Structure formats: C-alpha cells, structure tokens
Amino acid sequence: MNTLEGAQYCSIRSFRRDGRAVDTPVWFAPGDGGFYFFSAGEAGKIKRLRNSSSMAVAPCDVRGKVLGDWKAGTAAVLSNPADIVRAHAALR
C-alpha cells in the first residue's frame, strides 16, 4: 500500500543543517511516479530541501497530525517552468 494513498495532506520531514528534523504539513498531488508538494519558494521547508534532498513523508490531517507511517525519500525543488506547469496540472 502506498504511504500516501487516499490522503489529502502529508507531513514532510526535512532536516536543518544541524540534522534536527522539522515536520510540516503540505498539500500534495501524485504525478510522474512520485509526488508534487506545493509551497512558497522561500519557505523554510524549501530552503531545507535545497540544502539536503533527504526527507520523509507521512499522511496527515490539515493541521499536521500524522495519521500513518513515515517513509524516507528524496526531494527535488522544481525550477524548470515546464515541470512546474506539469505539477500544477497534477494538482488540478
């Protein structure tokens, strides 16, 4: 079973430079064999993911209460306009 199957929100666990984990609820959409997560470009979670692509995800409610198991993964911050259009299409 997919960790995020049926969920509307997920919590992203990103890591500070000193290794401490920071959990943040986000809106997401499946696409291209992975998931697209949406956030402002200068948000803390994006800065942390630019610093280290290591992350984990778990299903959560809109307030961030984790509702399932964490799954480790890697993230990439999209900057190519075509990739961003594809991500927005997945959300719709």
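Numbers here are sequence positions counted from 1. All of these numbers come straight from a predicted model, not from anything done at the bench.
The closest side-chain heavy-atom distance from Val22 to Phe15 is not below 4.5 Å. With contacts defined as side-chain heavy-atom distances shorter than 4.5 Å, the pair Arg86/Tyr36 qualifies. Contact annotation: the side chain of Met55 never approaches that of Thr74 to less than 4.5 Å [non-hydrogen atoms, C-beta and beyond]. The closest side-chain heavy-atom distance from Val26 to Cys10 is below 4.5 Å. Phe37 has its side chain within reach of Val57: a pair of non-hydrogen atoms, C-beta onward, lies under 4.5 Å apart. Inter-residue side-chain proximity for Ile12 and Asp23 is flagged as unmet; no heavy-atom pair is nearer than 4.5 Å.
Here the two rings, on His88 and Phe38, have centers that are under 6.0 Å apart.
Across all non-hydrogen atoms, the minimal contact from Pro30 to Phe35 is CA-CD2, 3.7 Å. Nearest heavy-atom pair across Pro25 and Cys60 is CB-SG, 3.8 Å. Closest approach of Lys47 to Glu42, counting heavy atoms only: CE-O, 3.1 Å.
Atom CZ of Arg16 and atom OG of Ser52 lie 14.0 Å apart (nearest 0.5 Å). Rounding to the nearest 0.5 Å gives a distance of 10.0 Å between CG of Leu67 and OG of Ser11. Separation of atoms OG (Ser54) and CZ (Arg13) is listed at 12.5 Å; rounding is to 0.5 Å. The distance from the OH atom of Tyr9 to the CH2 atom of Trp27 is 7.0 Å, given to the nearest 0.5 Å.
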- Item | Residue pair Arg20, Asp18: steps toward the salt bridge (charged side-chain N to carboxylate O under 4.0 Å, His left out) verdict | CA-CA 6 Å; Arg20 287 183 291 156; Asp18 65 7; 2.7 Å; yes

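Residue Asp69 qualifies as open at atom CG: its count of foreign heavy atoms under 6.0 Å is 12 or below.
Formation of a donor-acceptor pair under 3.5 Å by the Asp32 side chain with backbone atoms of Gly34 is not found in this model.
If you chain together hydrophobic residues whose side chains sit under 4.5 Å apart, Val77 and Phe28 fall into the same group.
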